[in-house]
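For reference, the structure discussed in these notes is given below.
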Amino acid sequence: GPGADLVGKHVVITAGGTREPLDPVRFLGNRSSGKQGVALAQAALARGASVTLIAANLEVAAPTAVELRLVGTALELEAAVTDAAAGADAVIMAAAVADYRPVQVSAGKIKKDETGDTLLLELTRNPDILAGLARTKRTGQVLIGFAAETEPDPVRLLVLGREKMARKGCDFLVVNRVGWAEGFASDRNAITVLDHDGDIVCEVSGTKMSVAGRILDLIG
Ligand code: C5P
């Protein structure tokens, strides 16, 4: 096994996908299962870390040994991760965070007989949590972001990853391709890790557990 190289380290991991409510019964969501984030939490525990898992609507069970914080929306995730990051040696933003939320959340169920044949939803931008964490990061803390992209061309995928790194300013960015049939529900993943300068650190293709191991090597 990988040993206990993370003993004494506090790792904060966000996992799953946020849901932005429209009314008491509906939300805007995404297809993130939380599997990669939960694999990261399991692997970090196995290596001796203390782990805070900030869980947004997981489709898989969280390990029992984590400090679990359940969140629903992007704003709830922001509050939880900002609080937890203050004492963290590493923060891994594996969660799929909604870029937008509805401007208005209806107090009652939206009724089609009241809205008619078309319904326009007005959305407002959510804060970029990862970029915010990068701006306020304490020295020594390792901040890792994810970039899930549907771009099929590997060269253009890397360009998107480098542009994203420039916007986010984290220490490492895990670039992975997602689509109708890949990425989310799968037990496997294929990633390219970029460093702060956009240079490739490693490329891994395998189970989400083996991918987790290589990501945690970045903070060991
Ligand atoms: O901007 P984009 O969603 O492509 O970036 C993905 C990375 O940024 C992920 O690590 C995700 O957790 C994070 N993110 C964030 N706040 C947002 C949107 C994404 O921290 N509003």
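As a basis for the values below, the full set of heavy atoms in this structure was taken, side chains included, without hydrogen atoms, waters or symmetry mates. By convention here, the first residue in the shown sequence is residue 1. Both ligands and their constituent atoms are indexed starting at 1 by order of listing.
Between Arg135 atom CZ and Lys168 atom NZ the span is 10.5 Å, to the nearest 0.5 Å.
By the 6.0 Å contact criterion, CG on Asp117 is open, its count of non-hydrogen atoms from other residues, nucleotides or ligands being 12 or less.
Of all heavy-atom pairs between Arg69 and Ala84, the closest is NH1-CB, 4.0 Å. Leu40 and Ala94 make their closest contact through CD1-CB, 4.2 Å (heavy atoms, listed as atom of the first residue, atom of the second, distance). Residues Val178 and Ala148 share a closest heavy-atom pair of CG1-CB, 3.7 Å.
Under a hydrophobic clustering in which Ile, Leu, Val, Met, Phe, Trp and Tyr are joined whenever their side-chain heavy atoms come within less than 4.5 Å, directly or via other members, Val175 and Val193 fall into different clusters.
Ligand 1 lies under 4.0 Å from heavy atoms of Met93, Ala95, Val97, Ala98, Asp99, Pro127, Asp128, Ile129, Leu130, Gly145, Phe146, Lys164, Lys168.
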